[in-house]
Amino acid sequence: MGDRLPEPHASSSPAVAASSEAEEIEVLDSEDVLPMAAEDFDPDNTGYISTEKFRSLLQRHGSELDPHKLEVLLALADSNSEGRICYQDFVNLMSNKRSNSFRQAILQGNRRLCSKALLEETGLSLSQRLIRHVAYETLPREIDRKWYYDSYTCCPPPWFMITITIVEVAFFLYNGVVLDRFVLQVTHPLYLKNTLLYHPQLRAQAWRYLTYIFMHAGIEHLGLNVVLQLLVGVPLEMVHGAARISFVYVAGVVAGSLAVSVADMTAPVVGSSGGVYALVSAHLANIVMNWSGMKCQFKLLRMAVALICMSFEFGRAVWLRFHPSAYPPCPHPSFMAHLGGVMVGITLGVIILRNYEQRLQDQTLWWIFLSIYVIFVLFAIFWNIFAYSLLDLKLPPPP
């Protein structure tokens, strides 16, 4: 994702001012398209450019723009009934930036877009078809899909989800060799001695609230988590960027371990299910909330398959939790991390996925859910400090 936009010009038309309540859009590509001088288009320094000059420039230089971007720029001119456009917004647009006026074009000019849908375009290369597929998998509006298709450069690639997956697999293989067990590793007597997993007796070691994701109960646990986070996480990162997707993932991981420390106080926790469930539940909730706009194929069937897989994994975790432990009196790992991840996904995750490119700090719901999350984290920290001693809880011995 690029740098943030500067604030719009101080004086703006009523139509532009009306769009100021819409979220600012982040810069996707800061490379200038055309050299421009203010005196050529705004000789009186009024802060505006007439729609006639705007159209004239588009007609003369439209071939230098991607067709989908040109289409929306023309929609902006059509949607503005004032006969003028804020010059600063014009500069931003011609510099290949999506500004407030671009947002206005999406909101007001969308009915004027008459070209064929991105899905109907032919003669695309394999990489172009992949990018188009990702756009239809994750974005509910055609205008956003077109903009993403034209703007995506695979630089940087979706490195976060791929890196996390590789590290998780590497740790699992290492533990499999050390324990000489790959199925239900969690039943091995030495499993709990690993310094990465969360254990209630060692909750003061703060890194365990994060590093437990690199330990899995067995290949059946790792396999489903890896499949889900690659099939869902990688496309989401391609669209929304590593910063936003890693935030949802890590927030789900932390919420998962803290949920265990509050609701299942005697149990350890392993696996990346907190982060995976945060991403998947956010994606599924976003599809449901934008059902008519989402054009991914077989979406009902695929949602059913995803829910079945998640339910199977959750059922496996519940069964394992209450199965006789291989290292009494310490029980098997808890399943509460799954629920912590889901709660992050349907709150913070949904807000992030619904606001493609828009500034999260301008979203009221973002601050509400973020505040709830921070309050929960602080509550869990104090709970871990004081509740165990106040409740006189008998914990299993340290491994």
Checklist entry - For R181 and Y191, what are the C-alpha separation, side-chain angles and deciding distance, and is it a side-chain contact (heavy atoms from CB on, under 4.5 Å)? => result CA-CA 10 Å; R181 183 176 300 179; Y191 184 82; over 6 Å; no

Next on the checklist: Do E142 and Y136 pair up side chain to side chain, a donor and an acceptor below 3.5 Å, judged on atom types alone?
Outcome noted: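 Per modelled atom types, E142 and Y136 side chains form a pair under 3.5 Å.
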
Checklist entry - Which other residues end up in the same hydrophobic cluster as L231, if Ile, Leu, Val, Met, Phe, Trp and Tyr are linked when side-chain heavy atoms come under 4.5 Å apart? => result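 Result for L231 is V227.
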
If you look at every heavy atom in [X] and [Y], which pair is closest and at what distance?
X    : Y    : value
M215 : L196 : CG-CB, 3.9 Å
P235 : V134 : O-CG1, 3.7 Å
Q128 : G123 : OE1-O, 4.4 Å
V270 : A217 : CG2-N, 4.1 Å
M265 : V262 : CG-O, 3.5 Å
N225 : S273 : ND2-OG, 3.2 Å

Using the side chain to side chain contact (heavy atoms under 4.5 Å, CB included) criterion, which residues pair with [X]? Sequence neighbours excluded.
X    : result
A282 : L353
V248 : A278, L279, I352
L339 : F314, M336

Any non-hydrogen side-chain atom of [X] less than 4.5 Å from a side-chain atom of [Y]?
X    : Y    : result
R316 : H221 : yes
F369 : V344 : no
S261 : L258 : yes
P397 : C330 : no
F376 : I372 : no

Approximate separation, where rounding is to 0.5 Å, of [X] [atom1] and [Y] [atom2]:
X    : Y    : atom1 : atom2 : value
L224 : H216 : CG    : NE2   : 9.5 Å
T195 : W207 : OG1   : CH2   : 7.0 Å
E237 : I245 : CD    : CD1   : 7.0 Å
L284 : M303 : CG    : CE    : 5.0 Å
S281 : M310 : OG    : CE    : 5.5 Å
L370 : I375 : CG    : CD1   : 10.0 Å

Short side-chain to backbone donor-acceptor contact, [X] and [Y], under 3.5 Å:
X    : Y    : result
S334 : V269 : no
E313 : C309 : no
S272 : I213 : no
H188 : L190 : yes
Y373 : T347 : no

Which pairs with one or both residues in [range] pass salt bridge (Lys or Arg N to Asp or Glu O under 4.0 Å), sequence neighbours excluded?
range            : result
residues 319-335 : D264-R321
residues 280-302 : E137-R302
residues 269-285 : none
residues 339-352 : none

Tell me whether [X] shares a hydrophobic cluster with [Y], the cluster being built from Ile, Leu, Val, Met, Phe, Trp, Tyr side chains joined at under 4.5 Å.
X    : Y    : answer
L300 : I287 : yes
V288 : V350 : no
L124 : Y148 : yes
Y152 : L126 : no
V186 : F322 : yes

Item to check | Residue of the set L236, V232, N286 for which side chain to side chain contact (heavy atoms under 4.5 Å, CB included) holds with T138 | outcome: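 Looking at L236, V232, N286, the match for T138 under the side chain to side chain contact (heavy atoms under 4.5 Å, CB included) is L236.
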
Item to check | H323 and T187: CA distance, side-chain angles, deciding distance, side chain to side chain donor-acceptor pair (under 3.5 Å) verdict | outcome: CA-CA 10 Å; H323 189 270; T187 60; over 6 Å; no

Checklist entry - Any chance the rings of W366 and F247 have centres within less than 6.0 Å? => result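 Yes.
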
Quiz: residues 161-177 side-chain donor-acceptor pairs under 3.5 angstrom, not counting sequence neighbours:
from	atom 1	to	atom 2	distance (Å)
T163	OG1	W159	O	2.6
T165	OG1	M161	O	2.8
T165	OG1	Q229	NE2	2.8
E168	OE1	Q229	NE2	3.1
E168	OE2	Y249	OH	3.0
N175	OD1	N194	ND2	3.4
N175	ND2	F171	O	3.1

Next on the checklist: Does anything in residues 273-295 form a ring-ring contact (aromatic ring centres under 6.0 Å, His included)? List the pairs, not counting sequence neighbours.
Outcome noted: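 Passing the test, one end in residues 273-295: Y277-H338.
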
Checklist entry - What ring-ring contact (aromatic ring centres under 6.0 Å, His included) pairs are there with at least one residue in residues 380-399, not counting sequence neighbours? => result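 Pairs touching residues 380-399 that pass the test: F379-W383.
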
Do any side-chain atoms of residues 198-206 form donor-acceptor pairs under 3.5 angstrom with protein atoms, and if so which ones, sequence neighbours left out?
from	atom 1	to	atom 2	distance (Å)
H199	ND1	Q201	N	3.0
Q201	NE2	P396	O	3.1
R203	NE	N384	O	3.2
R203	NH1	P200	O	2.8
Q205	OE1	R208	NE	2.5
Q205	OE1	R208	NH2	3.0

